Amino acid sequence: MNSRIVEKIFWISFTIASPLIPIFFYFWGNWYSFFHSYSMGMVMGLTGYVYFFNTLIISSRIRYFDRLFGHDKALLFHGYLALSAMLAVTAHFIFKQIYGYNITIQTLSGISASILFLVVIILTLLFMASIIPFISGWIKAIRKGAANRLNPDYSKVKVFHNFSVVAAFFAAIHAFLASSTQENNSRIILLNIWALTSISFFIYHKFVRKFVSGRALTVTEVNQLTSEIVEIRMHHTKGTAIKYRAGQFGYFSIISKMYSKEEHPFTISSQPGTDELAITVKSLGDYTSKLKEISSGTKILFDGPYGVFTPEQDGRHHIFIAGGIGITPFLSVISEWDFAGIKTPLTLIWSTRTAEEMIYRDLFTRIESKNSMFLFVPIVTRSVNAITGGSRIDRSILEPLIRKKEIRNTVVYICGPDLMRKSVIKELKSSGIASKNIYWERFSF
Ligand SMILES: Cc1cc2nc3c(=O)[nH]c(=O)nc-3n(C[C@H](O)[C@H](O)[C@H](O)COP(=O)(O)OP(=O)(O)OC[C@H]3O[C@@H](n4cnc5c(N)ncnc54)[C@H](O)[C@@H]3O)c2cc1C
């Protein structure tokens, strides 16, 4: 087992088992009471408390976890942990109902924390989280109905999501004032340290990080590539180069009254190693559709780089499959590899709806013409004039491009719309590509 897998297993196990630490402190000396249903209420309460505070730590973009698990997987785990915390808190509440309780500041703070946390979870499931495997079917149906009726602004829901920290304050007060906690100093210290650590992580992430490690960039060029796609080129305001790996993304927030302060994730489409950084953005909603109006000289705060969608030239046959604006990570990777010399067999399949959307076609055609290792397969789904026009990425396109003799040495990277990604993965697997050799990046969390 390699060390990364060991590290992953350690952190997942530690996070899941971490409530055992306060539970141990709680029952130390009176283990005989452990199986009493009253005690089960405490076990649930402590589990909910610890999981809830762990979610705040995980959501604060810790680079170590990002590199280990990938940003999207860390956020997904954060979501599952929040759901588990809510279930434990609900069980805690039910057990407390059975034994009855008085309305005090202690109980009121617990109830307020739980209600706020529940509302945050419901709104997140309905309007924010896009990766919800297992329960996605029925949640998706409710989401669709709710989104159609209410059509909420994503950034407003995201702001409300941050109210979890208010729920955290209430939860900390609730635990601090609990008579059972007061009985023992070690419990008070432990629960407070847990709460303070995670709230500090959250506050650092939301309010301090941008001033400490966020970098100020200045817009140098804005290129309107199509009516919907804009390329924004920037460089570090202080002139120093920004280190990132081809395929990574960052969070960008524009410092201008014209734009909300909310940060948005975009892949870095430029070639690493230069003092320039570029993003290529397609209009999707309020924020992205206004980006074409941005002017040179505008300041942008950058937090990053993040992500592990970073292919490397290792001699294996690499197949990159992009759908629409999903070309951006590959643009950076191919530019870098072209600069260094392409030493790995590389096939790029890029599907766009229209020929106009194939914005960097000339660049890829030029690289292909001078490099026999690189094959470019453009597909325009709504045209019959372009090469492979009118078709989609299906078996008839993939099969001839997969080199059967090198199938074990073929690695595929996909970035594009969810439907395309799912159908392509299905085709790849049935063609014999191992799951462990298929990587993908999503443009929503
Ligand atoms: C890792 C990653 C890389 C991306 N790279 C690119 C890229 O290179 N080019 C490109 O055009 N797009 C990219 N996107 C998508 C881009 O972030 C969204 O299109 C953009 O944020 C939409 O904002 P909006 O207000 O215009 O649209 P809205 O209509 O408000 O949002 C549309 C969807 O975008 C997502 N989104 C919106 N705001 C945020 C936010 N603040 N934080 C996180 N997600 C948000 C949500 O899933 C939302 O449902 C990337 C997304 C991710 C997660």
Side-chain angles (χ1 to χ4, degrees), residues 59 61 66 70-76 78-79 123-132 140 143-144 146-148 150-162 205-206 210 223-234 244-254 258-270 277-294 300-310 322-333 350 352 357 359-360 413-418 421 439-445:
S59 67
R61 289 186 206 153
D66 175 68
H71 198 72
D72 52 345
K73 301 232 170 50
L75 285 180
L76 184 62
H78 152 88
L123 286 181
T124 305
L125 283 176
L126 286 181
F127 305 117
M128 260 184 90
S130 61
I131 327 173
I132 324 171
K140 257 188 201 157
R143 277 168 72 119
K144 219 172 164 186
N148 286 345
L150 304 171
N151 195 18
D153 187 338
Y154 183 93
S155 54
K156 291 202 177 100
V157 181
K158 207 172 168 207
V159 169
F160 190 74
H161 189 85
N162 295 339
H205 163 52
K206 287 287 166 190
K210 56 180 141 198
N223 300 315
Q224 181 85 45
L225 302 179
T226 72
S227 56
E228 286 193 317
I229 302 173
V230 66
E231 179 192 66
I232 301 170
R233 308 196 79 85
M234 299 155 262
Y244 61 92
R245 291 173 67 192
Q248 288 191 296
F249 68 95
Y251 285 88
F252 295 82
S253 58
I254 305 172
M258 268 174 67
Y259 301 90
S260 75
K261 289 201 178 84
E262 184 62 49
E263 43 179 14
H264 285 250
F266 296 112
T267 306
I268 306 166
S269 55
S270 45
L277 190 146
I279 53 174
T280 309
V281 179
K282 183 170 178 176
S283 310
L284 199 72
D286 288 351
Y287 190 84
T288 42
S289 56
K290 271 200 285 182
L291 286 183
K292 55 181 174 236
E293 290 157 33
I294 203 166
I300 294 186
L301 271 183
F302 167 76
D303 176 30
Y306 293 102
V308 288
F309 193 69
T310 50
I325 197 66
I327 193 66
T328 51
F330 302 123
L331 184 61
S332 180
V333 175
W350 184 16
T352 57
E357 281 173 22
I359 39 180
Y360 297 107
Y413 286 79
I414 309 163
C415 185
D418 282 0
R421 189 191 69 245
Y439 301 88
W440 64 86
E441 179 80 305
R442 295 168 50 106
F443 275 5
S444 56
F445 297 128

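All figures in this text were calculated on a predicted structure; none of them were measured in a lab. Any value given below was found using the heavy atoms of this structure, including those in side chains, with hydrogens, waters and symmetry copies removed. As the structure lists them, so they are numbered: ligands from 1, and atoms in each ligand from 1.
Y360 and E231 are linked by a side-chain donor-acceptor pair at a separation below 3.5 angstrom, with hydrogens and angles left out of the test. Looking only at atom types and distance, the side chain of Y244 has a donor-acceptor partner in the side chain of S270 under 3.5 Å away.
Listed by chain and number, the residues in a salt bridge (Lys or Arg N to Asp or Glu O under 4.0 Å) with E228 are K282, R353 (sequence neighbours excluded).
The minimum heavy-atom distance linking S227 with K292 is given by the pair O-NZ, 4.1 Å.
Taking a heavy-atom cut-off of under 4.0 Å, ligand 1 is surrounded by Y154, K158, F249, E262, E263, H264, P265, F266, T267, T280, V281, K282, L284, G285, D286, Y287, T288, I325, T328, R442, F443, S444, F445.
Of the options F249, W440, F330, a ring pair (Phe, Tyr, Trp, His ring centres under 6.0 Å) to F309 is made by F330 and by none of the others.
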Please report the C-alpha distance between D66 and R61 in whole Å, then the side-chain angles of each, then the deciding distance to 0.1 Å, and finally whether the salt bridge (Lys or Arg N to Asp or Glu O under 4.0 Å) criterion is met.
CA-CA 7 Å; D66 175 68; R61 289 186 206 153; over 6 Å; no
